[in-house]
Amino acid sequence: MKSALTWEIIAKCSTTKARVGKLILPHGLVDTPVFMPVGTQGTLKGITPKQLEELGCQIMLNNTYHLGLRPGQELLEQIGGSHNFQNWNRNLLTDSGGFQMVSLLKLAKITEQGVEFQSPHDNESTMLLTPEHSMSLQNSIGADIIMQLDDVVSSLTTGKRVEEAMYRSIRWLDRCINAHQKPDSQNLFAIIQGGLDINLRKKCVEEMILRDTPGYAIGGLSGGEEKDIFWRVVTLCTDLLPKNKPIYCMGIGYTEDLVVCSALGVDMYDCVFPTRTARFGNALTPKGSLNLKSVKFSKDFQPIEKDCDCVACKSYTRSYIHLQATKETVGCHLITLHNVAYQLRLMRNIRQAIIEDRFPSFVKQTFKDLFGNEEKYPVWAINALKSVNIDLLS
């Protein structure tokens, strides 16, 4: 395939599979490993694209399915794509709409042709999302990275349906490649499927590599599966996928997951977690989450996080945000700003630790700060990190 990106690895951890890269896309530089906030319908819930830019975000997600419904393809064509629509001059990645097969399963009918969705807005109108239509929508949206339409099943699904979805995803990638109209300005990524079955994952990687897309994603995880199986699927894929292409693990957003998966060789992540949890009053910090709706913060005059330079931490106290979070939308707004700033800073710190070749000590300190007592460390994370020569308990 043609590629509209350049990818250079500038540093590697001497202990793990972690690496730092410079990814050049049509709308500029993305430093990896990178966390990509999710702006489903053209903005993150609670903040504007301008505020996201001011936080230093280099790339965010838009959702093909939802933008295809509203504002619709015709309007996006008229305005010249989602960059213009939301006044965002940095990079965009669009998912294909495949994940909605899981999240909106009750509204979806899946066949070899594609997926027919019933609109969640009126429960009457329908959309037939085929690989060709997904490509057409994503070409109209104009994202710098676009994803193939894949047949997505829950990670808890077992049996023949997992194998069917994996092989269908390969066939659908071929249809996406044939339908993709803008390979000179948009990068189509393949998605590795196969559930928790190691042999299916191996077969899918083998087939997708033959298509030689500009990058690859690991899909079909983060759906409630056992984490000790999750990390083994991730590390298998990073072992088998080409080392000269960016690797994206979809749906990853918890601090420990981002740190572990970076050690396993992943370059890109997305998740709604930091913005969704903000709407429940939860602020992310290196020492864990703070539920600022709790009355114990009503007389706490510290910032959310002492060393954070976001506007919420520089300008307001936990007490003030507590009051707003329990009654006003501005509380959600401030916590969302902070949580996105936290995620982006975490990734900068991961990159810097890799560049300075002190990533193992950074990982150990991160877990110590986050969990405190070693007895609270997740067993899956201990096992995953041990597989790449970091012993959390030493």
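Counting from 1, the numbers follow the sequence of the chain as shown. When reading the values below, keep in mind they use all heavy atoms of this one structure, side chains included, and skip hydrogens, waters and symmetry mates.
Residue K243 qualifies as enclosed at atom NZ: its count of foreign heavy atoms under 6.0 Å is above 12. Within a 6.0 Å sphere centred on NZ of K182, other residues, nucleotides and ligands contribute more than 12 heavy atoms.
In this structure, W380 and F230 have perpendicular ring planes: the angle between them is above 60°, well past the 30° mark.
Contacts of R168 classified as salt bridge (charged side-chain N to carboxylate O under 4.0 Å, His left out), with partners at least two apart in sequence or in another chain: E112, D151, E164.
Between D228 and N383, the side chains place a donor N or O and an acceptor N or O closer than 3.5 Å (distance only, hydrogens not considered). S361 and Q365 form no side-chain donor-acceptor contact under 3.5 Å, judged by distance and modelled atom types alone. Between the side chains of H27 and Q58, no donor-acceptor pair is found at a separation under 3.5 Å. Side-chain N/O atoms of H83 and N89 include no donor and acceptor closer than 3.5 Å. For the residue pair Y269 / D257, no side-chain donor-acceptor distance below 3.5 Å is found, with atom types taken as modelled. For the 3.5 Å distance criterion, the side chains of N62 and S82 qualify, holding a donor opposite an acceptor. Checked by atom type, the side-chain pair D150/Q148 shows no donor-acceptor distance below 3.5 Å. The closest side-chain donor-acceptor pair between S14 and D357 falls under 3.5 angstrom. Side-chain N/O atoms of Y342 and T255 include a donor and acceptor closer than 3.5 Å.
Here the straight-line distance linking atom CD1 of I47 with atom CG of L334 works out to 11.0 Å at 0.5 Å rounding. Within the model, atoms CG of L129 and CD of E132 stand 10.0 Å from one another, a figure rounded to the nearest 0.5 Å.
A salt bridge links D31 with K22: the closest approach of a Lys/Arg side-chain nitrogen to an acidic carboxylate oxygen falls below 4.0 angstrom. Using a 4.0 Å cut-off between a side-chain N of Lys or Arg and a carboxylate O of Asp or Glu, R211 and E207 qualify as a salt bridge. Salt bridge annotation for K17-D239: present, with a cationic side-chain nitrogen under 4.0 angstrom from a carboxylate oxygen. A salt bridge is absent between R345 and D309: the closest approach of a Lys/Arg side-chain nitrogen to an acidic carboxylate oxygen does not fall below 4.0 angstrom. Residues D197 and R201 are not paired through a salt bridge, judged by the lack of any N-O separation under 4.0 Å between the basic side chain and the carboxylate.
None of T238, D267, T32 except one satisfies the side chain to side chain donor-acceptor pair (under 3.5 Å) rule with R19; the exception is D267. Exactly one of S140, S134, S136 qualifies for a side chain to side chain donor-acceptor pair (under 3.5 Å) with Q138. That residue is S134.
Inter-residue side-chain proximity for K2 and D184 is flagged as met; some heavy-atom pair is nearer than 4.5 Å.
Hydrophobic clustering (side-chain heavy atoms under 4.5 Å, transitive across Ile, Leu, Val, Met, Phe, Trp, Tyr) keeps F273 apart from L55.
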